[in-house]
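Lettering of chains follows the sequences in order, A, B, ..., and the numbering in each one begins at 1. Owing to the predicted nature of the structure, the values given are computational and were not obtained by experimental measurement.
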Amino acid sequence: MSDLYDPQSIEARWQQYWRDEGTYEVDNDDPRPPFYVLSMYPYPSGPAHMGHVRNYTMGDLLVRYRTMRGDGVLSPIGFDSFGLPAENAAIQTGTHPRINTDANIEALSASLRRIGAVYDWRRMVSSHDPGYIRWTQWIFLRFYEAGLVYRGEAPVNWCPGCQTVLANEQVLPDGTCERSGDLVDRRNMEQWFYRITTYAQELLDDLDDLDWPEKVKIMQRHWIGRSEGAEFGLPIADADGMARTDVEPLGVYTTRPDTGFGMTFAVLSPEHPRVDELTTDDRRGVVEAFRSSVAGRSEIDRLSTGGSLDKRGVATGARVVNPFTGEAIPLFLADYVLMTYGTGAIMAVPGQDQRDWDFALAHGCDIVRTVQPPPDFDGEAYVGEGPAINSAFLDGLGVADAKAAAIAWLEAEGLGRGTVKYRLRDWLLSRQRYWGCPIPVVYCDDCGEQPVPLDDLPVDLPNDVEFMPTGRSPLMTHEGFLNTTCPNCGGGARRETDTMDTFVDSSWYFLRFADPWSDGAPFTAGAADRWLPVDQYIGGVEHAILHLMYARFFTKALADLGVAPPGLREPFRRLFTQGMIRLGGTKMSKSKGNLVAPEEILDRQGADALRLAHLQVKPPQEDVDWEDFGIDGCAKFLARVWRLAVPGGPLTADARTGVSTDADEVIDRETHRLVARITDEYDRWSYNTAVAGFMEFTNTLYRWVQADDGPHGPTLDSAVDTLLMVMAPAAPHLCAELWERRRGGHVHTVAWPVADPDKLVDDTVTMIVQVNGRVRDRIEVPVDIDAATAEAAALASVRVQGFLAGDPPRKVIVRTPGLVNLVV
RNA sequence: GCGGACGUGGCGGAACUGGCAGACGCACCGGCUUUAGGAGCCGGCGCCGAAAGGCGUGGGGGUUCGAAUCCCCCCGUCCGCACCA
């Protein structure tokens, strides 16, 4: 063994040790208090990139720290191994996705080990394991049985590049696919959905109690988009403008029922089922032309076009009756009214809605204000608070009161009712691709749609497939897969060829980790009860909506079905979102080709230096530029610790005399302060300052070691040992190696040190003396100094007297023992 | 447009509850080691000023004995969401 710091040799050795010894394996009957640390399920794209390193370094630090604190820490790992990249690669190279995926999992696993991240590898799962597929399908079928899955025709987002449909969440604001970047178009297709909207209210309410970044909670609230309003009918008007009683009224939804008296027209979505019925013959041609011009456009395109409103809507020729005023008002179609929100029809109130205002001007409709704007208001539509006007029985009421009164009136008249709507829509889970979890349903000519019996799971993917350059799923033409028997009648049937969105796989993996050996259920409720919810979940903010919302839905649904413990309402108690790594000002990503490979750094400076650099460079939750990383500085620091701590080294304590000096007391206090400080910083994710703490303490030790009147050997030894303990979660290899050489045994299994509170305060402190808030002197005083003595000491200062100019201070503020402020 | 985060030396950042602004690191400068250093150790390092001292946390105002921190207005950067009825 060399006495020089040689990360390569020690890191490989300890990585092997942790694996061989099973140091971080934890059983479900472990007597220690359970603590579940989880980093987000990675997609295995090959060796780890810097983003992985950052994520898994944070997680690993916590795993090791909590273990030293005495917890039985569950630290599992698995791989989100289904998905398009592997299938696209298969299309290009002809290699089956399973082969690439397995190789990538191996590569990523090796990377994680190389950065020193430790897991209970016995619990590893991958989405494409038949044993995992089985339970993903089992959950689907249980949801199916419970009515949480349905198949329905719906306008969907079709990505021509991916040859599949996408969930709304997977379409970017500019209307392109988040994966391929292709422009998504809109078509009607028969698809599978998870009924996530059943849980909309609970998903919203339960956010309040989660210890998550406020930013993520706000994003989720917005995505769920609860709104309160009223739904009511607009009677269809006859030629005289009178309400017809022989035709169903047109249902509209509004959040502003208080402005009903200002409704001067109404607007229908172009795909509304009643367009044909209501359009008058003279308008039919124009309406049809408008409808077909809108038909091909994606929802996002329709909602984000800024074009002038006269082109974006047409009159139907029909009129409806405003039930508030009894007047007949025109009915239009407009592209921005969507069939998928509310009732697909709106009442338009130009006085209180700018878009309606603009539309009214473009189409010659009346404008009536029903909320009194303030005197200085010079805008057009007024959306603020104010008393109702021109509104009969609502006049004078504020917005909230007027809303309530309007709803009460609608209900009393039998016209409508108060309602709550959500922006959240059901989760479209089917994908027309091969490399995903097959949807376990068959279609029988006689019995129709039939779920696959639970005992027949898993429905696995056939391996003998050919990938077409078109991207069309090979399942659609694979006779062996397609042909099956009906579980109901035993006759011939065809399998569903759609597979599941990969977000399904990541919606329950954290539960499987609790008991991956379970063979009678996806996990045992007891194990889930023990470990869940995850005490600390760690990942990227890019999953703020999709993954986290879906996982929350699954957890709630599984609990309600009795699969998960009934009290388990949320999967992740605490969430930490770490920042991303940029290079040259842009996000590092494979597609941008600006990746910095961790391997070179691991080869040269080692895993501990890379980990430390990630921790030190910035607060963990912030984005960071790769240019700002100080790997060399961290490597240099680690070598400094090595020289200080390695037995027989140039600076180690055994070279010193055994004579105790005053320095012993000082260094002992410093050591206790270090423990208190690092413990606090670890607890609040202040890893960058923790690294500063290691460095400061090391600098202090260096000065003492080289001082003539420094501490004696045992005191210094104890200080160095403590440094190794508190650094062990951050730089595990170096600390394990030095600890073993100095003390024997394993630093990661010793108890976390505890600071003696008495040693955290000195007998004296430096008291600041200010004159008019400016620091003028510093005086060393006893910690228990009283106010009068402190004031006297401040006034006695010669430096201070120079600023008082002989006059007594007008006012004296004393904050013992730290500060005296003299005001003149 | 709406929502959020943020703005501190040459650079990344620190200052947790209103009380020493600039910890720690990088870069730079100097010294030591008989000095081969891209090694090691020690020291310096906000700006102006010879000094005393003054000025300093994006800009402007305010609260306070005291503000990087709290309040108001403005400017700028980044990130979400975006014609949702």
Considering only B/C16, B/C42, B/G19, which nucleotide approaches the side chain of A/Leu819 most closely?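 Shortest atom-to-atom distance from the side chain points to B/G19.
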Between B/G40, B/C20, B/C24, which nucleotide has the shortest distance from any of its atoms to the side chain of A/Ile768?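 The closest nucleotide is B/C20.
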Just checking A/Lys636: base, sugar-phosphate only, or nothing, at a heavy-atom cut-off of under 4.0 Å? sugar-phosphate
Remember a base hit wins even if backbone is also touched, and classify A/Asn699 as base, sugar-phosphate or nothing at under 4.0 Å, heavy atoms. sugar-phosphate
Taking only distance into account, with no hydrogens and no angle test, what donor-acceptor pairs under 3.5 Å do side-chain atoms of residues 686-695 of chain A form with protein atoms, sequence neighbours excluded?
from	atom 1	to	atom 2	distance (Å)
A/Ser686	OG	A/Thr689	OG1	2.5
A/Thr689	OG1	A/Glu681	OE2	2.9
A/Thr689	OG1	A/Ser686	O	2.9

Do A/Arg815 and A/Asn821 meet the criterion of a side-chain donor-acceptor pair at a distance under 3.5 Å? no
Could you provide the dot-bracket string of RNA chain B, using ( ) for intrastrand pairs, [ ] for crossing pairs and | for bases paired to another strand, with Watson-Crick or G-U pairs below 3.5 Å? (((((((..(((......[....))).(((((.......))))).(((....)))..(((((..]....))))))))))))....
Validation row: A/His272, A/Thr316 side chains within 4.5 angstrom (heavy atoms):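 No, every pair of side-chain atoms sits at 4.5 Å or beyond.
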Write down the distance separating the C1' atoms in B/G60 and B/A5, rounded off to the nearest Å. 23 Å
Syn or anti for B/G59, taking syn as within 90° of 0?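 Glycosidic conformation of B/G59: anti.
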So, under a plain 3.5 Å distance rule, would you say the side chain of A/Gln770 forms a donor-acceptor pair with the base of B/G19? yes
Between the base of B/C20 and the side chain of A/Arg778, is there a donor-acceptor distance below 3.5 Å?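 Pair found.
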Over all atoms of both residues, closest heavy-atom pair of A/Arg256 and A/Met347: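 Heavy-atom minimum between the residues: O-CE, 3.4 Å.
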Looking at A/Glu600, I want to see if its CD is surrounded by more than 12 non-hydrogen atoms of other residues, nucleotides or ligands under 6.0 Å.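 No, not enclosed.
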Can you find a side chain N or O atom of A/Lys618 that sits less than 4.0 Å from OP1 or OP2 on B/G13?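 True: A/Lys618 side-chain N/O within range (under 4.0 Å) of B/G13 OP1/OP2.
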Rounded to the nearest angstrom, tell me the gap between atom CG in A/Asn688 and atom P in B/C26.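 These atoms are roughly 15 Å apart.
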